[in-house]
Each structure stands twice: as C-alpha cells, then as structure tokens.
Amino acid sequence: MSACVPTRATDSNANVSRTKRVHPPHSPPPPSPRRFRIAGADVSASIAVFLIALPLSLGIALATGAPLQAGLVAAAAGGLVAGLLGGCPLQVSGPAAGLTVVTADLIHRYGWRTTCAVTVLAGLAQLALGCVRVARTALAVSPAIVHGMLAGIGVTIAVAQLHIVLGGTPQSSVLANLRALPAQLADLHPADVAMSVLTLALLLLWPRVPGRLGHLMRKIPAALVAVAGATLTASLAGLSLAKVDLPSWSSHALAGLPEGPVLGIAAAVLTTTLVCSVQSLLGAVAVDKLVAGQPGLSARVGRSDLNRELLGQGAANVVSGVLGGLPVAGVAVRSSANVQAGAVSRNSTMLHGVLVVVAALLMVPVLELIPLASLAALVMAVGIQMVSLHHIRTVTRHREVLVYAVTTLGVVFLGVLEGVLLGVTVAVAVALNRLAHTRITHDEKEGVHHVHVRGQLTFLAVPRLSRTLHLVPQGTHVVVELDGSFMDHAAYESLQDWQNAHTARGGSAELTGRRTGVRVTEPDHTGGEATPAETATGTTSGSTTTEAPARTNAPAHTTANAPTGEPTTSTACRCHPWTPWRNHQCDHPQSAPPSGHPGEPTDRPAPGTTTPGDTDTDTGTDTHPGTRKDTGTGPHPGTGTSPGTGPGGHQLARGISAFQRNTAPLVRGELARLAKEGQRPSQLFLTCADSRLVTSMITSSGPGDLFVVRNVGNLVPPPGEESGDDSVAAAIEYAVDVLRVRSITVCGHSGCGAMQALLNSEPGGAQTPLKRWLRNGLPSLERMADDGRPWARLAARAPADAVEQLCLTNVVQQLEHLRGHESVARALREGALELHGMYFHVGEAQAYLLTEEDGEQLFDGVGVADLSA
C-alpha cells in the first residue's frame, strides 16, 4: 500500500517554495491563487444524470398531481443545494418515487400551496435532526421495513399510473384504482396505449442490445431513449393525445401558509421527514458501497458524513418548498448512474442541477412534445422495480418476510406512515417472540451427553435450562451446544454454576457454539472463575451477542490472575474474531524461520488454519474460509496425544482436531455427496503459491467448485519447452479434457516475490531450482520491455511501481502460454472454454478482471452490486 501513496518529496518541495515567498513585515500574506476547475469526468457524469433526471422529474410530478414545473424545481434544488451542502458528494437528490404517494395524498387533502409548506417544515425538521446528530439512528430501522415501505409505494405508483397508460385518470387510492380498472380496460385509448407500450419496450430492450454496438448504445440512458422515442413517434405520426403542459413560470404557484387541521399537518410533516430522511441516508450508505468498489475513487471521495447529508437534504427541501417544488430525497437510480459514469466530486451533482435549470428555462417547447402516457409508463416501470425480488429473497432468508409483507400491505391500503408504524410493531413482536422462544433438548450418543440450546438464551429460558442440565448424570462428559446469538447475565451465571458443580463431582463439560465452532473455558479450580470473555457466546458479564465468538479453549493448566481472576497462560492464543486474518497476532513458538516466497515476510500463523496468511500449496484444493478454525491450546477431550514432538506438530494436530470438532459436522453431508458423485469443478484456477491468497475467499467458492493449481509466480510453462513443467501441463490437460472445466483463470497478485526476484535477477551464476523455474517468466519481462506493445494497466490508477506492472504483464503473458497448449486451443476453437485474467491487490483487498478495450489490456475493478431503482 505504501507504494500507492505519494512520497513526501512533493511536500518538501512545497515547503521549500513556501519559504521563498517573502512579504513585507506587518502586512498580510499575498493571497494564494485559487482556480475553480471541473474535472472532465464530472462534466460527462452530470450530463448522464441530467438525461435521466429530466424525464423522471416530469413523470414523478405527473404521478403526484403536482404542477409539472414542481418536478424540475425539486431536481434543481436537489442538485444545487443538496449537492453543495450534503455529506455524500456523489449522491444525487431530487424528486423521488418513494415520495410520490405521500405527496399525492397531501395535494389531494390540502392543496398544492399547503403541500409546499409541509415540504418547508419537513426540511426544517431535517435541519434540526442534523444539528442534534441523530442520522445514524435512522439506520436502526429494520431493512425489511424500509424495503416493505418502498415496495408498497411502488405498488401504489404502478396501479395509479396504469390508468394514465390506458388513457384514463387515476383515483385517490389503490382500492379505488383497482375497482375502476375493469371500466378503464373497457374504454382504452389506442394512442396512449401504443406510446406506453413503445416506452416500456425501449426501457426493457435498450440495455440488452448485445455486442460492441450495445456497449456504445448503453452510454445513453434507457429512460431518455424511451421517452424521446415515444415523443418522436407521436410527433411524426401526428397522434392526438395528452402531452406535457408547462405554463408560464410567472404563474407558478409558490408555498403558502399551511391550511388544515394541526394534527393532520403535523402527521404530514412527520411522514415526509421520515421518508425523505430514511431514503436519503440509506441511499448515502449504498453510494458508499459503490464507491468502495473503486479503490481509486474511494481514496478521493471518502465516506459520507450522514449528519451533514441530513442537513443538506433539509436545506434542499426548504428551498424546494419555498420555490414551489416537490419534496427532495436522495435517488438511487441517479446516484448509481453518477458513480458508474465516473463522477469524482460533488461538482457533477451540482452541474446536473444547473443543466436542469437551463432545460426548464430554454427547452419548454421541446418538453411540451412529450406524451403524458410515455411519462406514466416510465414512472410505472420505476414503481414495479421498487418491488425488488432480491429484497424479497433477502428478507425470506432472514425470516423477516412477515415484517416485509405487513409493511407493504399497510402502505398500500392504509398509507405510508400507518404502514411503517405497523411494520415496526410487527418487527418488535417478531424480535420478542424469537427472544422468548428457546428450544432445549438432551440426548446421549456413545456415552457423551449432548444438550442442544437453540435460540436466544435469556432469563426466561433459565428454568428449562436448569431442569435439562440436572437430568445429566454425574461424572459424565457433557457437550452443551449453544445455537444462538444472545446470552444474558442470568443464563450465563446459571451455566457457570452448573459447570462448576458438574466438574467438581468428577464430570467434564464443554460448551460450544454449533454454527461458529467456539468453546468456553472449563472452570478454574484454583479459585479463579472463568470470565465471560471465554464463553461460547463471547459474552461479558451482562447482555451480549455472539457476532464475534471465536475464542479458543484454555488449556488444562490454566491459572488465574490474582487481581482479576482471568485465566492466563503462556502459550494460549486468545485471538479476537478477525485476528486469524492478521496472522493471529500471537507469539507462537517457531523452531526455525519458515521458507517462503522470495521477498515475502516470514511471520506465519499457526498451522491448522486457512487464512490469508496460510494456504495449502499445489494441492488442487482450498479450504473454505467461511468455516472458522479453532486454534485453541490444549487437546480436545478424548482425542488422545497429538502426533509430533515439536510445536508445529502440536499446532497442526490442534487445527485438525478443531476441524473434526467444529467444521466437519457442517460439511460432512456436502463432502459425502462430492465423494459419491466425484468432482465437477466449473473452472481451473491457476494462481501463485503466496500464502496471502486464499482462492476460496476471493472467489466465494467452496468444496468442488475450483480445480486449483498453485506455483511460484502463477507461471504456465509454454508447451514443448525444454524447461517445461509437466506438472502444470498435466493439470491443464486433466482439467480441460477430463474434468471439462468451462473456464481457466490466471490470477496474479500485488507484491509478488517471484516477480520481484525476476526483476532483480542477473545473468549467470548457479542455476538453482528457483532460477530454472523463473525462466518461464522471462517472456513476461521481455513483453514489458517491448515498446511496441501497449502495457497492461489498471483502470482505476496507474501501476504503483515496476513490480506491479510486471505482475499485470505476467498475467497477460501466461494467458498466451495457455493458448499454446493443445487441449486449451482445441477447447477454445470449439467454444467450450473461456480464458480469464485476474489481478488481486492484497493491500486493497480488491480484485481486478482483465478486459480488452480498443486492443488494450485493461484490468478493471470488480465492485459491489448496483443499486436497485
């Protein structure tokens, strides 16, 4: 990572130049020249966002029943005010589909001027919330409630806009719209339906055009193409249908004093504030995830300041309401487009607001050609997309589908505020039900008593737990399996008291977490008490959770500290949850320095764990990192003496014992299936032997997914070479001809010791095995030195140094070597195989895939999933 950071040389030069700037004493220093610059990436991104925002702003205004200019005012206020003051530089704000139902209901009840006043009051409320810094509190709302609210709003929008698509007028509620739908279907307007169908077809098909032409076409937003296509068709065909009507700005209605019942106005302000704030804050968090997928951009933009974002949204709502605009919130579609279009600062968001102002003043004749049916179809499509199948699968997987469904139905049939309150009530009830319901069972297998506790372990479950534990005979070995994420103090003390009593009578007890493979120390018989930090749930002496439960078991010779009573040992490794991915940060004894990759660090974690510091090499297999491996000290009861006499042998045996105890029960069924059916990997993964690369972690794969070949430098010796390596060639032939893999990936990585050794190699000298092997990398060195070939490069930034450049070039060169193997060439000709290049930056934890643009090899970063509409 240090190579990616500019050196201090520039700073020292700057200091020198500053010392040369002298000015007369007692006079102010000369002002430094400041030039306002807008990056070209921001300009292009602002244009892309503007082309999306323009039709959507008009469509949302149409859906709410507000003056169409109100959508343009809100888009301009969101871009200029929220873009300037907000805490998420790349989030684009404006009229949002999530506010459509709320605004439409306000206009229907109180009229347009009062709705604008409510928007102003909601903005002031957001400013107050931002000043007291409660933005993070809004994120405590269950995602199931948020997704359910958006889904309910999406259903309401889609049903209402369907009437306009069919050429009619929507009613005031979903039920009224559903009741009026049969009559509307009997009275279709062919011109409106035709323009709506054309708009939806272009929206659906435009992003799916294949090939290079499709790649170029997708640079134009589908929403703009759909509306422009329908507008052009309607104009050329001379169709008679309702179109956009933008009256003169001189007659535009501004905010007035709120008129209506106080409680009704207060509820409206609360609802608007809630929806605007939650949607904007969740959007800012989602934008942070998108930015994090682009390392060069994340270093430049930084994380969002949510309290400042709330202040910016509040100011934008005040301005929009005063000027007669719709409520403003962060919009996922536009924010995602802004990031993907390459924006690098808040200038893109603000410039998009300027473009909206220009369009509102100068493009009125063009905008008035747009058919209302086309805008309605566009907004209806947005509403349908708000009912996300991905969200439904997620809440189902987390057993929160009831909360999602109740919130959605509540929003659809009762209203946004009522639906959210109903969803919160159900969410609390579900949480209390889960907390109160705990299943405790007891069985005996081969002389070992197993007590299974499934669910949250609170004081409510202590009586049943005590009854079950006292059914266990004295003097036996007991395994208490805790399958839950919460243990309160009463349950903890009950478990400890029973454990002390059971072991005092000659028995043995082991407390484990079934899902996490964690253990609890046995009670200390020297007077000290095992601390809650040692429990299977990682508890302190109070209400705690098990998000980070992986503590190791204390050895039998544990002693207690006099002041604290905490067990200590000279060899115990009490690693915290993430420390196995940081070489454990424990002082494991080492008999000799390990041999490693050239130029790599020699500190190694304990054997028996597969982490980014310790992987198996050249075995064709990888341990899945999703299963936690205990490196506890002391043998597992009943396992006998660990083989080997040195510390390494004991560590290896402990790792194997931990696998047998914690991981094997979870994967035994899957491995039994693989043993019966045989391996059927989908790809050959050829990567470096570097201990920091865990292929299963990087690719999120498990047993049977990858056929892995690892060697020093991820080299593929060309076929027919005298120095060729039959091992690699045999693995390639076996993978392609026998296993029928569908793809081969060559994966290089940052800080590769083999590439460093290749750069530093000198001709002559003794031909060691390492030097003979690295001769297969000489073509990569020659390729990088060839000025006639363009260098392989990263999309986000320039290579940090010559080593990184050689690592990238080596991936491209080894892919060429792969194509020379007969089995690979034949499969490529038949279209049965794909080749992929990959580069993994260890320090950034960022993967890059090789693409080709205009004949240039480009490694582009793989980011998080796109934002949904």
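Since we're looking at a predicted model, the values are computed, not measured.
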Using 0.5 Å steps for rounding, measure from the [atom1] atom of [X] to the [atom2] atom of [Y].
X    : Y    : atom1 : atom2 : answer
L351 : S345 : CG    : OG    : 10.0 Å
C276 : L310 : SG    : CG    : 10.0 Å
T156 : F413 : OG1   : CZ    : 8.5 Å
T272 : N317 : OG1   : CG    : 8.5 Å
I265 : T114 : CD1   : OG1   : 5.5 Å
E309 : S304 : CD    : OG    : 6.5 Å

Checklist entry - Is the number of heavy atoms from other residues, nucleotides or ligands within 6.0 Å of CZ (R109) greater than 12? => result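 Open: at most 12 neighbouring heavy atoms sit under 6.0 Å from CZ of R109.
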Checklist entry - Should the heavy atoms of other residues, nucleotides or ligands under 6.0 Å from CG of L257 be counted, would the total exceed 12? => result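 Open: at most 12 neighbouring heavy atoms sit under 6.0 Å from CG of L257.
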Checklist entry - Backbone N or O of L90 within a donor-acceptor pair of the N338 side chain at under 3.5 Å? => result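 The answer is yes, because a donor-acceptor pair under 3.5 Å joins these two groups.
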Checklist entry - Would you call the rings of Y848 and Y839 parallel, tilted or perpendicular if under 30° counts as parallel and over 60° as perpendicular? => result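 If you compare the ring of Y848 with that of Y839, the planes turn out tilted.
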Item to check | Check: Q91/S280 side-chain N/O donor and acceptor closer than 3.5 Å | outcome: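 Side chains of Q91 and S280: no pair found under 3.5 Å.
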Checklist entry - Can you tell if the side chain of I145 reaches within under 4.5 Å of the side chain of V420, non-hydrogen atoms only? => result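 SC-SC contact between I145 and V420 confirmed.
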